2 protein chains.
Amino acid sequence: MQEIAAEAGVNQALLHYYFRSKEQLAQAAFARAASQLMPAVIAVMASDGELEDKVARVVAVELDHLSRVPSLPGYIIGEVTHRPERARQLILAMAGASPDDIRPRIFGALKAQIDARVAAGTMRPIAPHTFMVNLMALCIFPFAARPMLMAMLGLDAQGFAQFIARRREELPAFFLGGLRP
Amino acid sequence: MQEIAAEAGVNQALLHYYFRSKEQLAQAAFARAASQLMPAVIAVMASDGELEDKVARVVAVELDHLSRVPSLPGYIIGEVTHRPERARQLILAMAGASPDDIRPRIFGALKAQIDARVAAGTMRPIAPHTFMVNLMALCIFPFAARPMLMAMLGLDAQGFAQFIARRREELPAFFLGGLRP
DNA sequence: GTCTATATTTCGATAGAC
DNA sequence: GTCTATCGAAATATAGAC
(Lines give C-alpha, C1' and ligand atoms only; values in the text may rest on other atoms or scores of the structure.)
Protein backbone atom coordinates (compact mmCIF):
# COMPACT_ATOMS: atom_id res chain seq x y z
CA MET A 1 0.00 0.00 0.00
CA GLN A 2 2.84 2.36 0.83
CA GLU A 3 4.61 1.68 -2.45
CA ILE A 4 1.42 2.07 -4.43
CA ALA A 5 0.52 5.29 -2.69
CA ALA A 6 4.00 6.68 -3.27
CA GLU A 7 3.96 5.76 -6.95
CA ALA A 8 0.54 7.34 -7.29
CA GLY A 9 1.80 10.48 -5.57
CA VAL A 10 -0.66 10.27 -2.69
CA ASN A 11 -0.65 8.69 0.78
CA GLN A 12 -2.05 5.49 2.20
CA ALA A 13 -5.03 7.18 3.78
CA LEU A 14 -6.30 8.21 0.37
CA LEU A 15 -6.00 4.71 -1.01
CA HIS A 16 -8.09 3.53 1.87
CA TYR A 17 -10.61 6.30 1.25
CA TYR A 18 -11.14 5.04 -2.29
CA PHE A 19 -10.76 1.30 -1.91
CA ARG A 20 -11.56 0.60 1.77
CA SER A 21 -9.04 -2.24 2.01
CA LYS A 22 -5.98 -3.76 0.43
CA GLU A 23 -8.00 -6.67 -0.85
CA GLN A 24 -10.48 -4.44 -2.64
CA LEU A 25 -7.66 -2.46 -4.21
CA ALA A 26 -6.13 -5.70 -5.38
CA GLN A 27 -9.43 -6.73 -6.92
CA ALA A 28 -9.81 -3.42 -8.70
CA ALA A 29 -6.28 -3.64 -10.09
CA PHE A 30 -6.89 -7.19 -11.23
CA ALA A 31 -10.18 -6.33 -12.90
CA ARG A 32 -8.55 -3.55 -14.87
CA ALA A 33 -5.66 -5.78 -15.93
CA ALA A 34 -8.01 -8.60 -16.85
CA SER A 35 -9.98 -6.36 -19.16
CA GLN A 36 -6.78 -5.73 -21.12
CA LEU A 37 -5.49 -9.28 -21.48
CA MET A 38 -7.22 -10.18 -24.71
CA PRO A 39 -8.39 -7.00 -26.31
CA ALA A 40 -11.04 -7.72 -28.83
CA VAL A 41 -9.99 -11.35 -29.14
CA ILE A 42 -13.37 -12.57 -28.09
CA ALA A 43 -15.05 -10.02 -30.32
CA VAL A 44 -12.90 -11.09 -33.26
CA MET A 45 -13.46 -14.79 -32.73
CA ALA A 46 -17.21 -14.33 -32.40
CA SER A 47 -17.44 -12.06 -35.44
CA ASP A 48 -18.07 -12.92 -39.07
CA GLY A 49 -15.16 -13.39 -41.43
CA GLU A 50 -12.93 -16.14 -42.68
CA LEU A 51 -11.24 -18.27 -40.08
CA GLU A 52 -7.79 -17.58 -41.50
CA ASP A 53 -8.35 -13.84 -41.31
CA LYS A 54 -9.55 -14.09 -37.74
CA VAL A 55 -6.39 -15.92 -36.74
CA ALA A 56 -4.20 -13.34 -38.42
CA ARG A 57 -6.06 -10.50 -36.79
CA VAL A 58 -5.99 -12.05 -33.33
CA VAL A 59 -2.24 -12.61 -33.59
CA ALA A 60 -1.56 -9.09 -34.79
CA VAL A 61 -3.81 -7.34 -32.28
CA GLU A 62 -2.69 -9.46 -29.39
CA LEU A 63 1.07 -9.25 -29.97
CA ASP A 64 0.91 -5.53 -30.64
CA HIS A 65 -1.04 -4.93 -27.50
CA LEU A 66 1.00 -7.16 -25.19
CA SER A 67 4.19 -5.57 -26.48
CA ARG A 68 2.99 -2.43 -24.76
CA VAL A 69 2.26 -4.17 -21.44
CA PRO A 70 4.57 -7.19 -21.54
CA SER A 71 4.23 -8.16 -17.89
CA LEU A 72 0.45 -8.22 -17.95
CA PRO A 73 0.14 -11.97 -18.66
CA GLY A 74 2.64 -12.83 -15.95
CA TYR A 75 0.79 -10.73 -13.43
CA ILE A 76 -2.58 -12.25 -14.28
CA ILE A 77 -1.28 -15.80 -14.27
CA GLY A 78 0.45 -15.29 -10.96
CA GLU A 79 -2.65 -13.81 -9.42
CA VAL A 80 -5.02 -16.47 -10.71
CA THR A 81 -2.65 -19.24 -9.65
CA HIS A 82 -2.45 -17.84 -6.14
CA ARG A 83 -6.19 -17.12 -5.94
CA PRO A 84 -8.12 -19.39 -8.32
CA GLU A 85 -11.39 -17.74 -7.27
CA ARG A 86 -10.32 -14.78 -9.39
CA ALA A 87 -10.69 -16.86 -12.54
CA ARG A 88 -14.38 -16.16 -12.86
CA GLN A 89 -13.80 -12.45 -12.43
CA LEU A 90 -11.13 -12.70 -15.10
CA ILE A 91 -13.49 -14.09 -17.72
CA LEU A 92 -16.12 -11.59 -16.71
CA ALA A 93 -13.74 -8.67 -17.05
CA MET A 94 -12.37 -9.96 -20.36
CA ALA A 95 -15.69 -10.45 -22.02
CA GLY A 96 -18.11 -8.28 -20.12
CA ALA A 97 -20.33 -11.28 -19.52
CA SER A 98 -20.38 -14.46 -17.48
CA PRO A 99 -18.49 -17.54 -18.69
CA ASP A 100 -21.74 -19.38 -19.34
CA ASP A 101 -22.96 -16.59 -21.59
CA ILE A 102 -19.70 -16.14 -23.46
CA ARG A 103 -18.89 -19.74 -24.22
CA PRO A 104 -21.57 -20.42 -26.85
CA ARG A 105 -20.88 -17.12 -28.57
CA ILE A 106 -17.22 -17.91 -29.12
CA PHE A 107 -17.26 -21.62 -29.59
CA GLY A 108 -20.48 -21.80 -31.53
CA ALA A 109 -19.22 -19.68 -34.40
CA LEU A 110 -15.80 -21.27 -34.23
CA LYS A 111 -17.14 -24.81 -34.37
CA ALA A 112 -19.28 -24.02 -37.40
CA GLN A 113 -16.31 -22.59 -39.26
CA ILE A 114 -14.07 -25.51 -38.40
CA ASP A 115 -16.76 -27.97 -39.45
CA ALA A 116 -17.10 -26.21 -42.80
CA ARG A 117 -13.35 -26.40 -43.40
CA VAL A 118 -13.25 -30.05 -42.43
CA ALA A 119 -16.15 -30.86 -44.75
CA ALA A 120 -14.32 -29.07 -47.56
CA GLY A 121 -11.25 -31.15 -46.83
CA THR A 122 -9.05 -28.12 -46.18
CA MET A 123 -8.61 -28.72 -42.47
CA ARG A 124 -8.08 -31.57 -40.06
CA PRO A 125 -10.70 -31.89 -37.34
CA ILE A 126 -9.82 -29.99 -34.19
CA ALA A 127 -11.86 -29.29 -31.08
CA PRO A 128 -12.78 -25.61 -30.81
CA HIS A 129 -11.37 -25.61 -27.28
CA THR A 130 -8.05 -26.86 -28.54
CA PHE A 131 -8.07 -24.31 -31.34
CA MET A 132 -8.53 -21.45 -28.88
CA VAL A 133 -6.07 -22.74 -26.30
CA ASN A 134 -3.35 -23.27 -28.90
CA LEU A 135 -3.88 -19.80 -30.29
CA MET A 136 -3.80 -18.21 -26.86
CA ALA A 137 -0.77 -20.24 -25.84
CA LEU A 138 1.28 -19.18 -28.85
CA CYS A 139 0.35 -15.53 -28.40
CA ILE A 140 0.43 -15.12 -24.63
CA PHE A 141 3.05 -17.54 -23.35
CA PRO A 142 6.11 -15.70 -24.67
CA PHE A 143 5.07 -12.67 -22.63
CA ALA A 144 4.12 -14.66 -19.57
CA ALA A 145 7.54 -16.32 -19.64
CA ARG A 146 9.38 -13.25 -20.85
CA PRO A 147 12.07 -12.99 -18.13
CA MET A 148 12.71 -16.70 -18.44
CA LEU A 149 12.95 -16.57 -22.22
CA MET A 150 15.21 -13.55 -22.14
CA ALA A 151 17.61 -15.45 -19.89
CA MET A 152 17.28 -18.67 -21.84
CA LEU A 153 17.71 -17.14 -25.26
CA GLY A 154 20.18 -14.47 -24.20
CA LEU A 155 18.02 -11.51 -25.22
CA ASP A 156 17.75 -8.00 -23.86
CA ALA A 157 14.53 -5.99 -24.03
CA GLN A 158 15.21 -4.94 -27.59
CA GLY A 159 16.07 -8.46 -28.67
CA PHE A 160 12.84 -9.70 -27.17
CA ALA A 161 10.89 -7.04 -29.05
CA GLN A 162 12.49 -8.21 -32.29
CA PHE A 163 11.66 -11.78 -31.44
CA ILE A 164 8.01 -10.79 -31.05
CA ALA A 165 8.06 -8.74 -34.24
CA ARG A 166 9.17 -11.79 -36.24
CA ARG A 167 6.62 -13.89 -34.42
CA ARG A 168 3.87 -11.53 -35.51
CA GLU A 169 4.65 -12.40 -39.13
CA GLU A 170 5.33 -16.11 -38.75
CA LEU A 171 2.78 -17.24 -36.23
CA PRO A 172 -0.37 -17.32 -38.41
CA ALA A 173 1.31 -19.62 -40.93
CA PHE A 174 2.62 -21.89 -38.21
CA PHE A 175 -0.72 -22.09 -36.49
CA LEU A 176 -2.77 -22.69 -39.61
CA GLY A 177 -0.17 -25.09 -40.91
CA GLY A 178 -0.82 -27.32 -37.92
CA LEU A 179 -4.41 -27.66 -39.05
CA ARG A 180 -3.88 -28.76 -42.65
CA PRO A 181 -5.04 -32.28 -43.48
CA MET B 1 5.82 -18.04 7.29
CA GLN B 2 3.06 -18.88 9.74
CA GLU B 3 1.02 -20.68 7.12
CA ILE B 4 4.02 -22.57 5.83
CA ALA B 5 5.11 -23.59 9.31
CA ALA B 6 1.60 -24.78 10.13
CA GLU B 7 1.32 -26.78 6.92
CA ALA B 8 4.71 -28.31 7.61
CA GLY B 9 3.62 -29.19 11.12
CA VAL B 10 6.31 -27.12 12.80
CA ASN B 11 6.58 -23.53 14.06
CA GLN B 12 8.08 -20.37 12.66
CA ALA B 13 11.20 -20.59 14.77
CA LEU B 14 12.16 -23.82 13.08
CA LEU B 15 11.73 -22.36 9.62
CA HIS B 16 14.08 -19.61 10.64
CA TYR B 17 16.53 -22.12 12.02
CA TYR B 18 16.74 -23.85 8.64
CA PHE B 19 16.37 -20.95 6.23
CA ARG B 20 17.50 -17.89 8.22
CA SER B 21 14.99 -15.57 6.51
CA LYS B 22 11.79 -15.47 4.53
CA GLU B 23 13.68 -14.46 1.41
CA GLN B 24 16.01 -17.45 1.62
CA LEU B 25 13.08 -19.79 2.15
CA ALA B 26 11.43 -18.28 -0.91
CA GLN B 27 14.59 -18.83 -2.93
CA ALA B 28 14.87 -22.43 -1.80
CA ALA B 29 11.24 -23.10 -2.70
CA PHE B 30 11.71 -21.46 -6.07
CA ALA B 31 14.86 -23.40 -6.84
CA ARG B 32 13.14 -26.68 -6.09
CA ALA B 33 10.14 -25.75 -8.23
CA ALA B 34 12.36 -24.53 -11.06
CA SER B 35 14.20 -27.83 -11.20
CA GLN B 36 10.88 -29.54 -11.88
CA LEU B 37 9.47 -27.28 -14.57
CA MET B 38 10.90 -29.03 -17.58
CA PRO B 39 12.06 -32.43 -16.51
CA ALA B 40 14.45 -33.84 -19.01
CA VAL B 41 13.29 -31.48 -21.72
CA ILE B 42 16.70 -29.99 -22.13
CA ALA B 43 18.27 -33.42 -22.00
CA VAL B 44 15.87 -34.71 -24.64
CA MET B 45 16.35 -31.76 -26.95
CA ALA B 46 20.11 -31.98 -26.68
CA SER B 47 20.18 -35.76 -27.18
CA ASP B 48 20.48 -37.77 -30.37
CA GLY B 49 17.40 -39.03 -32.12
CA GLU B 50 14.97 -37.93 -34.79
CA LEU B 51 13.42 -34.52 -34.36
CA GLU B 52 9.90 -35.90 -34.58
CA ASP B 53 10.60 -38.39 -31.83
CA LYS B 54 12.06 -35.70 -29.62
CA VAL B 55 8.95 -33.59 -29.98
CA ALA B 56 6.72 -36.53 -29.14
CA ARG B 57 8.80 -37.41 -26.10
CA VAL B 58 8.94 -33.85 -24.81
CA VAL B 59 5.17 -33.51 -25.10
CA ALA B 60 4.52 -36.82 -23.38
CA VAL B 61 7.01 -36.32 -20.55
CA GLU B 62 6.05 -32.71 -19.97
CA LEU B 63 2.28 -33.15 -19.92
CA ASP B 64 2.51 -36.24 -17.75
CA HIS B 65 4.73 -34.46 -15.29
CA LEU B 66 2.80 -31.18 -15.12
CA SER B 67 -0.44 -33.10 -14.64
CA ARG B 68 0.99 -34.11 -11.29
CA VAL B 69 1.93 -30.54 -10.29
CA PRO B 70 -0.49 -28.44 -12.33
CA SER B 71 0.09 -25.15 -10.54
CA LEU B 72 3.87 -25.28 -10.92
CA PRO B 73 4.01 -23.19 -14.11
CA GLY B 74 1.70 -20.55 -12.67
CA TYR B 75 3.80 -20.27 -9.56
CA ILE B 76 7.04 -19.94 -11.48
CA ILE B 77 5.64 -17.42 -13.92
CA GLY B 78 4.20 -15.34 -11.12
CA GLU B 79 7.46 -15.40 -9.24
CA VAL B 80 9.63 -14.53 -12.22
CA THR B 81 7.27 -11.77 -13.27
CA HIS B 82 7.41 -10.22 -9.83
CA ARG B 83 11.16 -10.71 -9.48
CA PRO B 84 12.84 -10.91 -12.89
CA GLU B 85 16.23 -11.44 -11.26
CA ARG B 86 15.07 -14.98 -10.50
CA ALA B 87 15.13 -15.80 -14.21
CA ARG B 88 18.81 -16.64 -14.22
CA GLN B 89 18.38 -18.90 -11.21
CA LEU B 90 15.49 -20.54 -13.03
CA ILE B 91 17.60 -21.52 -16.03
CA LEU B 92 20.37 -22.64 -13.74
CA ALA B 93 18.06 -24.83 -11.71
CA MET B 94 16.41 -26.26 -14.82
CA ALA B 95 19.57 -27.20 -16.59
CA GLY B 96 22.18 -27.43 -13.89
CA ALA B 97 24.36 -24.99 -15.80
CA SER B 98 24.47 -21.32 -16.67
CA PRO B 99 22.39 -19.98 -19.56
CA ASP B 100 25.51 -19.29 -21.59
CA ASP B 101 26.63 -22.87 -21.28
CA ILE B 102 23.25 -24.40 -21.97
CA ARG B 103 22.28 -22.41 -25.03
CA PRO B 104 24.72 -23.91 -27.54
CA ARG B 105 23.99 -27.41 -26.31
CA ILE B 106 20.27 -27.13 -26.98
CA PHE B 107 20.17 -24.88 -29.97
CA GLY B 108 23.21 -26.25 -31.69
CA ALA B 109 21.81 -29.74 -32.06
CA LEU B 110 18.35 -28.40 -32.81
CA LYS B 111 19.56 -26.07 -35.55
CA ALA B 112 21.47 -28.87 -37.26
CA GLN B 113 18.42 -31.11 -37.29
CA ILE B 114 16.16 -28.36 -38.59
CA ASP B 115 18.66 -27.49 -41.31
CA ALA B 116 18.80 -31.13 -42.40
CA ARG B 117 15.02 -31.31 -42.66
CA VAL B 118 14.87 -28.05 -44.57
CA ALA B 119 17.55 -29.25 -46.99
CA ALA B 120 15.57 -32.45 -47.55
CA GLY B 121 12.49 -30.37 -48.27
CA THR B 122 10.47 -31.95 -45.48
CA MET B 123 10.27 -28.87 -43.29
CA ARG B 124 9.84 -25.13 -43.61
CA PRO B 125 12.65 -23.05 -42.16
CA ILE B 126 12.09 -22.08 -38.54
CA ALA B 127 14.40 -20.41 -36.05
CA PRO B 128 15.47 -22.82 -33.31
CA HIS B 129 14.35 -20.24 -30.74
CA THR B 130 10.89 -20.16 -32.25
CA PHE B 131 10.78 -23.94 -32.36
CA MET B 132 11.53 -24.18 -28.65
CA VAL B 133 9.23 -21.36 -27.60
CA ASN B 134 6.30 -22.76 -29.57
CA LEU B 135 6.83 -26.19 -28.09
CA MET B 136 7.09 -24.84 -24.56
CA ALA B 137 4.08 -22.59 -25.06
CA LEU B 138 1.83 -25.41 -26.25
CA CYS B 139 2.91 -27.68 -23.39
CA ILE B 140 3.14 -25.26 -20.49
CA PHE B 141 0.56 -22.56 -21.11
CA PRO B 142 -2.53 -24.69 -20.47
CA PHE B 143 -1.25 -25.38 -16.97
CA ALA B 144 -0.12 -21.82 -16.34
CA ALA B 145 -3.58 -20.61 -17.30
CA ARG B 146 -5.40 -23.56 -15.80
CA PRO B 147 -7.86 -21.70 -13.53
CA MET B 148 -8.65 -19.31 -16.34
CA LEU B 149 -9.19 -22.11 -18.85
CA MET B 150 -11.32 -24.08 -16.44
CA ALA B 151 -13.61 -21.08 -16.06
CA MET B 152 -13.54 -20.22 -19.74
CA LEU B 153 -14.18 -23.74 -21.00
CA GLY B 154 -16.48 -24.77 -18.16
CA LEU B 155 -14.29 -27.61 -16.92
CA ASP B 156 -13.82 -29.10 -13.48
CA ALA B 157 -10.55 -30.71 -12.40
CA GLN B 158 -11.47 -33.98 -14.07
CA GLY B 159 -12.53 -32.26 -17.28
CA PHE B 160 -9.25 -30.43 -17.37
CA ALA B 161 -7.37 -33.69 -16.93
CA GLN B 162 -9.25 -35.16 -19.89
CA PHE B 163 -8.47 -32.07 -21.93
CA ILE B 164 -4.78 -32.62 -21.23
CA ALA B 165 -5.01 -36.32 -21.97
CA ARG B 166 -6.38 -35.59 -25.45
CA ARG B 167 -3.78 -32.92 -25.88
CA ARG B 168 -1.05 -35.42 -25.18
CA GLU B 169 -2.12 -37.38 -28.25
CA GLU B 170 -2.90 -34.52 -30.60
CA LEU B 171 -0.19 -31.99 -29.87
CA PRO B 172 2.77 -33.60 -31.68
CA ALA B 173 0.83 -33.76 -34.94
CA PHE B 174 -0.36 -30.19 -34.58
CA PHE B 175 3.11 -28.92 -33.79
CA LEU B 176 4.88 -30.81 -36.53
CA GLY B 177 2.10 -29.97 -38.95
CA GLY B 178 2.91 -26.31 -38.53
CA LEU B 179 6.39 -27.02 -39.84
CA ARG B 180 5.55 -28.81 -43.07
CA PRO B 181 6.51 -26.97 -46.25
C1' DG C 1 -11.07 14.86 -1.14
C1' DT C 2 -6.67 15.03 0.81
C1' DC C 3 -3.71 15.37 4.36
C1' DT C 4 -1.03 14.25 9.21
C1' DA C 5 -0.90 11.56 13.02
C1' DT C 6 -1.88 7.47 15.35
C1' DA C 7 -4.03 3.20 16.65
C1' DT C 8 -4.08 -1.80 15.79
C1' DT C 9 -2.75 -5.82 13.84
C1' DT C 10 0.31 -8.81 11.62
C1' DC C 11 4.53 -10.64 10.68
C1' DG C 12 9.39 -11.80 10.66
C1' DA C 13 13.09 -12.56 13.60
C1' DT C 14 15.30 -13.72 18.01
C1' DA C 15 16.29 -15.35 22.83
C1' DG C 16 16.54 -18.98 25.58
C1' DA C 17 14.79 -23.44 27.71
C1' DC C 18 14.77 -28.27 26.76
C1' DG D 1 16.88 -29.72 16.51
C1' DT D 2 12.62 -28.23 18.25
C1' DC D 3 9.91 -25.76 21.11
C1' DT D 4 7.56 -21.36 23.80
C1' DA D 5 7.59 -16.72 24.49
C1' DT D 6 8.53 -12.28 23.04
C1' DC D 7 10.71 -8.34 20.77
C1' DG D 8 10.62 -5.02 17.23
C1' DA D 9 9.51 -3.63 12.78
C1' DA D 10 6.26 -2.98 9.21
C1' DA D 11 2.02 -2.50 7.28
C1' DT D 12 -2.89 -1.74 7.26
C1' DA D 13 -6.62 0.67 8.86
C1' DT D 14 -8.65 4.72 11.29
C1' DA D 15 -9.40 9.37 13.45
C1' DG D 16 -9.69 13.83 12.79
C1' DA D 17 -8.00 18.46 11.00
C1' DC D 18 -8.21 21.19 6.86
Side-chain angles (χ1 to χ4, degrees), chain A residues 1-37 69-94 96 143-148 151, chain B residues 1-37 69-94 96 144 146-148 151:
Chain A
M1 299 294 276
Q2 288 168 342
E3 281 182 55
I4 292 166
E7 186 143 337
V10 297
N11 56 46
Q12 300 106 290
L14 200 61
L15 285 188
H16 189 260
Y17 175 76
Y18 277 103
F19 296 98
R20 277 189 50 96
S21 75
K22 182 184 183 179
E23 170 60 21
Q24 290 192 51
L25 169 54
Q27 283 187 28
F30 180 78
R32 173 172 295 196
S35 71
Q36 297 178 23
L37 179 61
V69 281
S71 60
L72 192 68
Y75 161 65
I76 289 177
I77 285 174
E79 196 71 5
V80 177
T81 300
H82 201 67
R83 273 171 271 215
E85 71 272 15
R86 293 254 158 93
R88 193 182 177 80
Q89 183 188 354
L90 173 59
I91 309 298
L92 215 141
M94 279 179 9
F143 292 95
R146 190 173 96 117
M148 169 176 147
Chain B
M1 299 294 277
Q2 288 167 342
E3 280 181 55
I4 292 168
E7 187 143 336
V10 298
N11 55 45
Q12 299 106 290
L14 199 62
L15 285 187
H16 189 260
Y17 175 77
Y18 277 104
F19 295 98
R20 277 190 49 96
S21 75
K22 182 184 183 179
E23 170 59 22
Q24 288 193 52
L25 169 54
Q27 283 188 28
F30 180 78
R32 173 172 296 196
S35 72
Q36 296 179 23
L37 178 62
V69 281
S71 60
L72 192 70
Y75 161 65
I76 288 176
I77 285 174
E79 196 72 3
V80 177
T81 299
H82 201 67
R83 273 172 272 214
E85 73 271 14
R86 294 255 159 92
R88 192 180 179 80
Q89 183 189 354
L90 172 59
I91 310 298
L92 216 140
M94 279 178 9
R146 190 173 96 117
M148 170 177 146

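In the text below, chain A, chain B and the rest are named by the order of the sequence lines, each starting its count at 1. Quick caveat, the model's predicted, so the values are computed rather than measured. Hydrogens, waters and symmetry mates are skipped; everything else that's a heavy atom, side chains included, is used.
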Q | Separation of atom CE in Met1(B) from atom P in dC7(D), rounded to whole Å | A | 20 Å

Q | Options dA13(C), dT4(D), dT2(C), nucleotide nearest the side-chain atoms of Ser21(B) | A | dA13(C)

**Q.** Proximal nucleotide (of dT4(D), dT2(D), dC3(C)) relative to the Val10(A) side chain
**A.** dC3(C)

Q. Can a salt bridge be assigned to the pair Lys22(A) and Glu3(A) using a cut-off of 4.0 Å between side-chain N and carboxylate O?
A. no

Q. Does Asn11(A) make a side-chain N or O approach to OP1 or OP2 of dT2(C) shorter than 4.0 Å?
A. no

Q. Does OP1 or OP2 of dT14(C) have a side-chain N or O of Tyr17(B) closer than 4.0 Å?
A. no

**Q.** Closest listed nucleotide, where the reference is the side chain of Gln2(A) and the choices are dC11(C), dA13(C), dT12(D)
**A.** dT12(D)

Q: Kindly determine whether Tyr18(B) and Leu25(B) satisfy side-chain contact (heavy atoms from CB on, under 4.5 Å), including the steps that lead there.
A: CA-CA 8 Å; Tyr18(B) 277 104; Leu25(B) 169 54; over 6 Å; no

Q) Considering only dT2(D), dC3(C), dA13(C), which nucleotide approaches the side chain of Leu14(B) most closely? A) dT2(D)

Q.
Over all strands shown, is Gln12(A) touching base, sugar-phosphate only, or nothing at heavy-atom distances under 4.0 angstrom?
A. base

Q. Between atom CD in Gln24(A) and atom P in dT14(D), what is the gap in whole Å?
A. 11 Å

Q | Minimum heavy-atom distance Ile77(A)-Ala144(B), with the two atoms named | A | CG2-O, 3.4 Å

Q: Please determine, for the side chain of Ala13(B), which listed nucleotide (dA15(C), dT14(D), dT12(D)) has the closest atom?
A: dA15(C)

**Q.** Taking every non-hydrogen atom, the tightest pair across Val80(B) and Ala87(B)
**A.** CG1-CB, 4.2 Å

Q. Taking for each residue the nucleotide of DNA chain D with the nearest heavy atom, is it Arg20(A) or Glu3(A) whose nucleotide lies nearer the 5' end?
A. Glu3(A)

Q: Would you mind reading off the distance between Tyr18(B) atom OH and dA13(C) atom P, rounded to a whole angstrom?
A: 18 Å

**Q.** Candidate nucleotides dA13(D), dG1(D), dA15(C), ranked by approach to the side chain of Lys22(A) - the nearest
**A.** dA13(D)

Q: Grab the two heavy atoms, one from Tyr75(A) and one from Ala33(A), that are nearest each other, plus how far apart they are.
A: CE2-CB, 3.5 Å

Q.
Heavy atoms from C-beta onward define the side chain here; which of dA11(D), dT2(D), dT14(C) lies closest to that of His16(B)?
A. dT14(C)

